[in-house]
Each structure stands twice: as C-alpha cells, then as structure tokens.
Amino acid sequence: MSDGLNEAFKGMNFNRETIIEEEKYPDAKLHQITSFIKSGIRIVGYGFLPFNLALACGILIISEAVGIIEELV
C-alpha cells in the first residue's frame with residue numbers, strides 16, 4: 001500500500017525532505033519594539049491634533065507606515 005506521495009511526486013526533481021520546509025516564525029521581540037514605537041508616534045500625533053492639524057495628520061500617517069513595517073517583521 002502506498003502513502004500517495006510517491007505517485008504524486010513521481011518524476012519530479014525533488015525528494016520528500018524538500019517538501020517539508022521549516023516554518024518561519026516572526027521575531028516577537030522586534031515586533032514588540034516596533035509596536036511600542038508605533039504607539040509612541042501615535043500618542044505624539046494625537047497630542048498635536050488641537051494645535052496643528054496638518055502636522056498631526058502627517059505624524060499619524062507615519063505611525064501607519066510603522067504599523068505596516070510592524071506586520072512585516
């Protein structure tokens with residue numbers, strides 16, 4: 001009886017070991033640091049809202065860019 005993998009991969013140029021890849025986990029410490037930086041930038045941005053709307057918006061946009069970087073870490 002077969003496990004089905006031999007027939008499925010018959011004639012291909014790789015073996016069973018190449019199919020099983022090591023799962024890559026994100027760096028939790030770097031993610032946490034990036035999250036704290038993003039939160040600090042947001043606090044500063046919201047603090048500028050009553051005084052300078054354009055500057056506050058710019059800072060909050062930067063915090064969103066840092067948030068995107070945070071998810072890629």
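- Residues G67 and K38 come closest through the heavy atom pair CA-CD, 3.5 Å.
- Closest non-hydrogen pair, L30 versus T34, comes out as O-OG1, 2.7 Å.
- Both L53 and Y46 are part of a single hydrophobic cluster, where members link through side-chain heavy atoms under 4.5 Å apart.
- When the side chains of ILVMFWY residues are joined at heavy-atom separations under 4.5 Å, either directly or via intervening members, I33 and V44 end up in a single hydrophobic cluster.
- Contact annotation: the side chain of S35 approaches that of E70 to within less than 4.5 Å [non-hydrogen atoms, C-beta and beyond].
- Nearest approach of V73 to D27, heavy atoms of both residues: CG1-O, 4.3 Å.
- The distance from the OG atom of S63 to the CD1 atom of I68 is 10.0 Å, given to the nearest 0.5 Å.
- Here the closest heavy-atom approach between residue G45 and residue A56 is recorded as O-CB, 3.3 Å.
- Annotation: the span from I69 atom CD1 to E64 atom CD amounts to 11.5 Å, rounded to 0.5 Å.
- When every heavy atom of R42 is checked against every heavy atom of L60, the shortest pair comes out as O-CD2, 3.9 Å.
- Connection of I41 to L55 is established within a shared hydrophobic cluster, with ILVMFWY side chains joined at heavy-atom distances below 4.5 Å, either directly or through further cluster members.
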